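Right, one structure below, let's go through it.
Both counts, for ligands and for their atoms, begin at 1 and track the order of listing. What you see is a predicted model, and the numbers here were worked out from it, not measured in a lab.
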Amino acid sequence: MKKTTPFIVGNWKLNPLTQKAAAELAAGVARRHKKTEAPYIAIAPSAVHMSEVSKKIKNSTVMLAAQSISFYDGGAHTGEESVGQVKDLGSEFIIVGHSERRAGGVTDEDVNRKVAKILRTNLVPIVCIGERKRDEQGAFFTFVEEQLRSLAEQLSAASMKKIVIAYEPIWAIGTGKTATAEDVKEMQLFIESVLTKLYNRPTARSVRLLYGGSVKPHNAKELHADGGMNGFLVGGASLKAEDFIAIARATE
Ligand code: PGA
């Protein structure tokens, strides 16, 4: 995947209710995204809908992502899905450390273990980072830096280049309070500067960065043009095929 081509990922979370609705949504996205190139698009349905969604996007350029995976490859782990299982269904990407999972107890250490496992399976982790709230003194920068340091502890420069980092300030997720394009640009530069310190400039520049948090059709164009990131991780607005595709088109 070329980093200069934007990458738009739809995280459906615990939606929709029925398999039929998931199939319709997936088909709607596939039908509207005829392009073979810019931007790249992936959708992350819940695990129970993955198989159905996979069928609907099979003949399109829309790619499949998983919302989470287990540490384990198999065995006595009730209620989990393994990397191998989601890969078997056609998943190429796996979201790791989404704030909604971190709120449920997923730690930085868990994130690192999962990232290592995903890379070993040759899939691409989309690692979510981001602060809970913003403060005047800028302590949120330190928080984001710590998350990046923790991730870097385990990863060689070659591995770091393979992952996608999604900056998702928690205060902007599902709230309608989007970060401004200036906030996003500032964070893009900050993340690159931290990665430059931890690795080197070529590595920092080759990591794909996404922004997530209340991205909608009406703000996508400005966030993309002025935010400096390489795409979006979209929650709520990915549940309507027209809106999701409108966001993707705003990056063209
Ligand atoms: P949102 O969610 O677009 O609904 O804010 C983003 C996310 O959680 O990835």
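- Considering each of S238, G236, G235, the one bringing a non-hydrogen atom nearest atom 6 (C) of ligand 1 is G235.
- Between Y72 and H77, the ring planes are parallel. Angles under 30° get that label, and only those over 60° would be called perpendicular.
- Ionic pairing of E52 and K55 is present here: one or more N-O contacts between side-chain nitrogen and carboxylate oxygen are shorter than 4.0 angstrom.
- Taking the six-membered ring where the residue is Trp, the centroids of F93 and Y40 are separated by 6.0 Å or more.
- Heavy atoms of A237 come nearer than 4.0 angstrom to ligand 1 in no pair at all.
- Those atoms of ligand 1 with a heavy atom of A172 less than 4.0 angstrom away are 5 (O).
- A salt bridge links R134 with D183; the closest basic N to acidic carboxylate O contact falls under 4.0 Å.
- Atoms of ligand 1 found under 4.0 Å from any heavy atom of L233, numbered from 1 in the order shown, are 9 (O).
- Each of R149, Q154, R102 was checked for a side chain to side chain donor-acceptor pair (under 3.5 Å) with D108, and the lone residue meeting it is R102.
- Per-residue contacts place G213 under 4.0 angstrom from the following atoms of ligand 1 (heavy atoms of the residue considered): 5 (O).
- Between the side chains of W171 and E131, at least one donor N or O lies within less than 3.5 Å of an accepting N or O.
- At least one heavy atom of H98 sits closer than 4.0 Å to an atom of ligand 1.
- Taking a cut-off of under 4.0 Å to the non-hydrogen atoms of G174, the atoms of ligand 1 that pass are 1 (P), 4 (O), 5 (O).
- The closest approach between G212 and ligand 1 stays at or above 4.0 Å for every heavy atom of the residue.
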